[in-house]
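We're numbering straight along the sequence, starting at 1. Start at 1 and go down the list; that is how both ligands and their atoms are numbered.
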Amino acid sequence: MAYKTINPYNNELVKEYDDTTDQELQDTLERAHDLYKTFKTQDIKERSKMLHRVADKIRERSDELARTCTIEMGKLLVEAKGEVELCAVIADYFADHAEEMLKPEKVETSANGKAEIHHQSTGVIMMVEPWNFPYYQMIRVFAPNFMVGNPMILKHASNTPSSAQLMADVIEEAGAPKGSITNLFMNYDQVSETIADSRVQGVALTGSERGGATVAKTAGENLKQSTLELGGMDPFIVMDDADMDDVAEIAWRSRIYNAGQECTSSKRFIVMEDVYDDFVERLKNNFSKLKPGDPLKDDTTLAPMNTKKAKEELQDQLDEAINAGAQVVYGNEPIDLPGQFFMPTILTHVDKDNPAHKTEMFGPVAVVYKVSSEEEAIALANDNPYGLGAIVFTGDSQRGAEIATKIETGMVYVNNFRYSLPELPFGGVKRSGYGREMSRIGLMAFVNDKLILTADKPDMDNLASGLVASKNLDNK
Ligand code: NAP
């Protein structure tokens, strides 16, 4: 049995789930495809009402949702509660705005007649999601696609089956028709079969490059649309005119939130030499105040990592970085608790040949670099295979905005903590993937942008040449 809930705080096996059979998968595909046909003729206002009810139900069941997630993958309960509320916010947003965003658009054209683009559903969408934000990852694909009218089949991570099933149940209990999102405990072959199935029109994956490449390959072979939200090594640039109190407060949070297991965690701190010592000192100080313990308890501030395997892999990466010359200025000591705790660690002197320079460390390890100019900071930020997000701190927000334009990532936050809100597009470039989730861009990911050109009679003048006359648009 591959799908298991194991509490990373005490290593207890909480629940195991039976694998999905091929027959269950076929039944799910059939039901989802039937629902797609129903959605096609349904007034979008109906789904808007349902999605608001989903938001209400998420809020009503928020305590249970948050506790389930904390027990399953270890995040602090306060963070789990925040994630659950964000899901409700996302559902409400798309319930409120999708109809307007999907309205047909007129196109100025030299063709004969009235041209419009209608944004319509395409069919069943496969979603493959990771454990680190078990609910948010689901909802940011589900809410927009539900409004579009694309039913979804979910393959969630094998270590977060309880969260996946609970959220899918909450959505159905709120009144979304059966088949709107079906959570299945699938193996990789079943995921490939689903993507290849003629009733499925696309796949959205959030996860590693390894998983992303495999799923995108299957999608490509079957000529299906795909979006990939993959890893990141986000830079956090500190200019010498930055407010160091703000920097100190945001920097440790930006690395330790979700026990450092976030794609948009700040993983590389790039700090101007004049403020470097101050920065490192304050980061050490803030890391040293963290208190490991039961993530369900309010006074715990350092959560365990999500699995034993994740912790061991991070330790291997850290050992490799140290062997290659990195210096530990804080951390890398065992934590005397049975759970999967990892001591927050700060590395310096990571040179370009060190594997830590270009390999994502998905846990509480911060790499700090010293630079002596803005150009050097930007070049270092861009010297990376990933391009997801970035943070820039400077006393001059205009200068920050200019730096932002030069950074090769999908998102840059100037003098800000990271935001993840339904109106803001989320996604990256380079090896962080392609496509966007959330915002109108995310809503349009699996939409048929259908051209409808309507005339009363054909234009006969140019038929012989096979060309349509190019009229002056201004004179139309
Ligand atoms: P992962 O191993 O790729 O797992 C993510 C999901 O993909 C899981 O459901 C996993 O299933 C599935 N999967 C993996 N290989 C597959 C395959 N060949 N066929 C079908 N499904 C497959 O990723 P992870 O390492 O657990 O997650 C952390 C990564 O996700 C990090 O790199 C992080 O940066 C990235 N991430 C990105 C974003 C973003 O929005 N850009 C957000 C969060 C996380 P199993 O669990 O059964 O293996």
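Although no hydrogens or angles enter the test, the distance criterion places a donor-acceptor pair under 3.5 Å between the side chain of Glu72 and the main chain of Ser163.
When hydrogens are left out, the protein atom nearest atom 23 (O) of ligand 1 is Ser208 N, 3.2 Å; that is the closest non-hydrogen contact. What sits closest to atom 35 (C) of ligand 1 on the protein, heavy atoms only, is Gly207 O, 3.3 Å. In terms of protein heavy atoms, atom 34 (O) of ligand 1 is closest to Glu360 OE2, 2.8 Å. For atom 6 (C) of ligand 1, the closest non-hydrogen atom on the protein side is Glu129 O, 3.5 Å. Annotation: atom 5 (C) of ligand 1 to nearest protein heavy atom, Thr206 O, 3.7 Å. Looking from atom 37 (C) of ligand 1 to the surrounding protein, the closest heavy atom is Leu230 O, 2.8 Å. What sits closest to atom 45 (P) of ligand 1 on the protein, heavy atoms only, is Lys155 NZ, 3.5 Å. Of the protein's non-hydrogen atoms, the one nearest atom 36 (N) of ligand 1 is Cys263 CB, 3.5 Å.
With respect to Arg418 and Glu262, a salt bridge is recorded, a charged nitrogen being found less than 4.0 Å from a carboxylate O. Electrostatic pairing of Asp383 and Lys352 counts as a salt bridge here, judged by a charged N lying under 4.0 Å from a carboxylate O.
Here atom 13 (N) of ligand 1 lies nearest to Tyr188 when heavy atoms of Tyr188, Tyr136, Tyr386, Phe133 are compared. Evaluated by nearest non-hydrogen atom to atom 46 (O) of ligand 1, the leading choice among Gly427, Pro161, Ser158 is Ser158. Of the candidates Val128, Leu205, Asn132, Asn132 brings a heavy atom nearest to atom 44 (C) of ligand 1.
Relative ring orientation between Phe341 and Tyr9 is described as perpendicular, the plane-to-plane angle rising above 60° on a 0-90° scale split at 30° and 60°. Between Phe185 and Tyr17, the angle of the ring planes lies from 30° to 60°, which puts this pair in the tilted group.
Using a 4.0 Å cutoff on heavy atoms, Phe426 counts as a contact of ligand 1. Under a 4.0 Å heavy-atom criterion, Met186 is not in contact with ligand 1. At a 4.0 Å cut-off, at least one heavy atom of Arg140 sits close enough to ligand 1 to count as contact.
Cation-pi geometry between Arg199 and Tyr36 is not satisfied (NZ or CZ under 6.0 Å from the ring centre, within 45° of the ring normal). Note that Lys370 lies in the cation-pi zone of Tyr276, set by a 6.0 Å cut-off to the ring centre and a 45° limit from the axis.
Within the 6.0 Å centre-distance limit, the rings of His357 and Tyr369 are counted as a close aromatic pair. A centroid separation of 6.0 Å or more is found between the aromatic rings of Trp252 and Phe417.
Listed by number with element, the atoms of ligand 1 under 4.0 Å from a non-hydrogen atom of His156 are 9 (O). When each atom of ligand 1 is checked for a heavy atom of Gln137 under 4.0 Å away, the hits are 42 (C), 43 (C). Interface atoms of ligand 1 facing Thr214, defined by a heavy-atom separation under 4.0 Å, are 18 (N). If you number the atoms of ligand 1 from 1 as listed, the ones under 4.0 Å from a heavy atom of Leu388 come out as 41 (N).
Protein heavy atoms are found less than 4.0 angstrom from atom 2 (O) of ligand 1.
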Review item, side-chain donor-acceptor pairs of residues 74-93, under 3.5 Å, at least two apart:
| from | atom 1 | to | atom 2 | distance (Å) |
| --- | --- | --- | --- | --- |
| Lys75 | NZ | Glu83 | OE1 | 2.4 |
| Lys75 | NZ | Asn132 | O | 3.0 |
| Lys75 | NZ | Asn258 | OD1 | 3.2 |
| Glu79 | OE1 | Asn258 | N | 3.0 |
| Glu83 | OE2 | Tyr135 | N | 2.8 |
| Glu83 | OE2 | Tyr136 | N | 3.0 |
| Glu85 | OE1 | Arg59 | NE | 3.0 |
| Glu85 | OE2 | Arg59 | NE | 3.3 |
| Glu85 | OE2 | Arg59 | NH2 | 2.9 |
| Asp92 | OD1 | His52 | ND1 | 2.8 |
| Asp92 | OD2 | Arg59 | NH1 | 2.9 |

Enumerate, atom names and distances included, each donor-acceptor pair closer than 3.5 Å involving a side-chain atom of residues 216-223, sequence neighbours excluded.
| from | atom 1 | to | atom 2 | distance (Å) |
| --- | --- | --- | --- | --- |
| Thr218 | OG1 | Thr214 | O | 3.0 |
| Asn222 | ND2 | Thr218 | O | 2.8 |

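Using a 4.0 Å cut-off between heavy atoms, Arg210 contacts ligand 1 through its side chain alone, with no backbone atom that close.
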List the steps and the verdict of ring pair (Phe, Tyr, Trp, His ring centres under 6.0 Å) for Phe146 and Phe94.
CA-CA 9 Å; Phe146 179 72; Phe94 284 103; over 10 Å; no
